[in-house]
Amino acid sequence: QVQLLELGGGYVQAGDSLRLSCQTIGRTFRGYAVGWFRQLPAKEREFVAAIDWSGINTDYADSVKGRSTISRDNSINVVYLQMEKLKFEDTAVYYCAARDEGDSSARISDYVSWGQGTQVSVSS
């Protein structure tokens, strides 16, 4: 497992952009697929985006497809989630997660390491 830290959350206006970062603490990301998930109070955690170990293959939830880009820089052990044209419905706590395999996945159960989350609040 790896220890993860999410950065970049905040309070924005609808239509704004935001970039979230996920970095490892003390270990490398190499070989790990990474996903972003989000959760509202009293709601189930849901998939947002994922990227494989190489950064070549990505996957997105329909709700963010076309508005979000997941990318990674393995040289500095960071995975980014760039979100554009934010909507009120994007308001949630965003979590990054790593799985101990290189292929990305949209399944929560495939991920073994989770960060503490960062709050994104979008005003309508």
Side-chain angles (χ1 to χ4, degrees):
Q1 294 190 2
V2 295
Q3 192 172 357
L4 304 175
L5 176 65
E6 301 98 337
L7 298 171
Y11 184 85
V12 296
Q13 304 282 331
D16 283 354
S17 301
L18 198 65
R19 188 176 77 165
L20 304 181
S21 300
C22 173
Q23 61 187 63
T24 60
I25 301 174
R27 289 189 62 180
T28 179
F29 254 147
R30 291 183 191 279
Y32 290 81
V34 174
W36 283 97
F37 297 81
R38 65 188 183 186
Q39 187 170 21
L40 283 166
K43 292 282 185 75
E44 291 188 357
R45 195 167 295 188
E46 64 178 24
F47 169 73
V48 177
I51 189 166
D52 74 349
W53 70 273
S54 70
I56 295 174
N57 297 303
T58 58
D59 189 20
Y60 298 92
D62 288 342
S63 58
V64 302
K65 194 173 294 183
R67 300 190 295 120
S68 297
T69 303
I70 187 171
S71 61
R72 66 190 299 160
D73 187 341
N74 286 337
S75 67
I76 57 172
N77 296 314
V78 176
V79 172
Y80 302 102
L81 180 66
Q82 177 73 37
M83 297 187 291
E84 312 283 349
K85 300 177 182 177
L86 283 161
K87 305 176 182 179
F88 175 75
E89 307 87 89
D90 294 319
T91 296
V93 177
Y94 283 71
Y95 298 89
C96 71
R99 63 180 310 212
D100 55 3
E101 294 184 22
D103 295 331
S104 62
S105 171
R107 288 197 301 265
I108 292 173
S109 59
D110 284 343
Y111 291 85
V112 297
S113 302
W114 291 83
Q116 294 298 307
T118 184
Q119 176 71 47
V120 173
S121 299
V122 185
S123 65
S124 58

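The structure displayed is predicted, hence computed values, not measured ones.
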Next on the checklist: Any non-hydrogen side-chain atom of Y60 less than 4.5 Å from a side-chain atom of V48?
Outcome noted: no
Next on the checklist: If hydrophobic clusters are built by linking Ile, Leu, Val, Met, Phe, Trp and Tyr wherever their side-chain heavy atoms come under 4.5 Å apart, do L86 and L20 end up in the same one?
Outcome noted: yes
Checklist entry - Between Y80 and I70, does a side chain to side chain contact (heavy atoms under 4.5 Å, CB included) hold up when you go through it step by step? => result CA-CA 6 Å; Y80 302 102; I70 187 171; over 6 Å; no
Checklist entry - Ignoring hydrogens and geometry, is there a side-chain-to-backbone donor-acceptor pair from R72 to G55 under 3.5 Å? => result no
Checklist entry - What's the shortest heavy-atom distance between L81 and S68, and which atoms? => result CD1-CB, 4.3 Å
Checklist entry - Do you know the tightest heavy-atom contact between F37 and I108? => result CE2-CG1, 3.6 Å
Next on the checklist: Please identify which of these residues, R27, Q1, R99, meets the side chain to side chain donor-acceptor pair (under 3.5 Å) condition with Y32.
Outcome noted: R27
Checklist entry - Do N77 and T28 meet the criterion of a side-chain donor-acceptor pair at a distance under 3.5 Å? => result yes
Checklist outcome for this item: Rounding to 0.5 Å, atoms CZ (R19) and CD (Q82) come to a distance of 6.5 Å
Checklist entry - Parallel under 30°, tilted from 30 to 60°, perpendicular over 60°: which one fits the rings of Y95 and W114? => result perpendicular
Checklist entry - What is the minimum heavy-atom distance between A14 and S124, and which atoms define it? => result CB-CA, 4.3 Å
Next on the checklist: Whether the side chain of T118 engages the backbone of Y94 through a donor-acceptor N/O pair (distance < 3.5 Å, no angle test) should be reported.
Outcome noted: no
Checklist outcome for this item: For V112 and D100 the tightest heavy-atom approach is CG2-N, 4.1 Å
Next on the checklist: If I compare all heavy atoms of F29 with all of A98, which pair ends up nearest, and what's the gap?
Outcome noted: CE2-CB, 4.3 Å
Item to check | Single-linkage hydrophobic cluster V2~V78, side-chain heavy atoms < 4.5 angstrom | outcome: no
Checklist outcome for this item: In this structure, NZ of K85 is separated from CG of D16 (nearest 0.5 Å) by 13.0 Å
Checklist entry - So do L4 and T24 actually touch side chain to side chain, heavy atoms under 4.5 Å? => result yes
Item to check | Any side-chain heavy-atom pair of W36 and M83 under 4.5 Å | outcome: no
Checklist entry - Please walk me through it: do T58 and S104 pass side chain to side chain contact (heavy atoms under 4.5 Å, CB included)? => result CA-CA 7 Å; T58 58; S104 62; over 6 Å; no
Next on the checklist: Let me confirm one number: the SG-CG distance from C96 to L7, rounded to the nearest 0.5 Å.
Outcome noted: 9.0 Å
Next on the checklist: Working to the nearest 0.5 angstrom, can you tell me the gap between T91 OG1 and Y11 OH?
Outcome noted: 8.5 Å
Checklist entry - Are W53 and V34 joined in one hydrophobic group, where the rule is that I, L, V, M, F, W and Y side chains link up if heavy atoms are under 4.5 Å apart? => result no
Next on the checklist: When you measure from the side chain of D52 to the backbone of N57, do you find a donor-acceptor pair of N or O atoms at a distance under 3.5 Å?
Outcome noted: yes
Checklist outcome for this item: Separation between OG (S75) and CZ (R30), nearest 0.5 Å, reads 7.0 Å
Next on the checklist: I need the minimum non-hydrogen distance between A33 and Y111, along with the two atoms involved.
Outcome noted: O-CE2, 4.1 Å
Checklist entry - Got a donor-acceptor contact below 3.5 angstrom from the E6 side chain to the G117 backbone? => result yes
Next on the checklist: Would the distance check show the side chain of Q116 and the main-chain N or O of L5 forming a donor-acceptor pair, the cut-off being under 3.5 Å?
Outcome noted: no
Checklist entry - Which pairs pass salt bridge (charged side-chain N to carboxylate O under 4.0 Å, His left out) with one or both residues in residues 34-47, sequence neighbours excluded? => result R38-E46, R38-D90
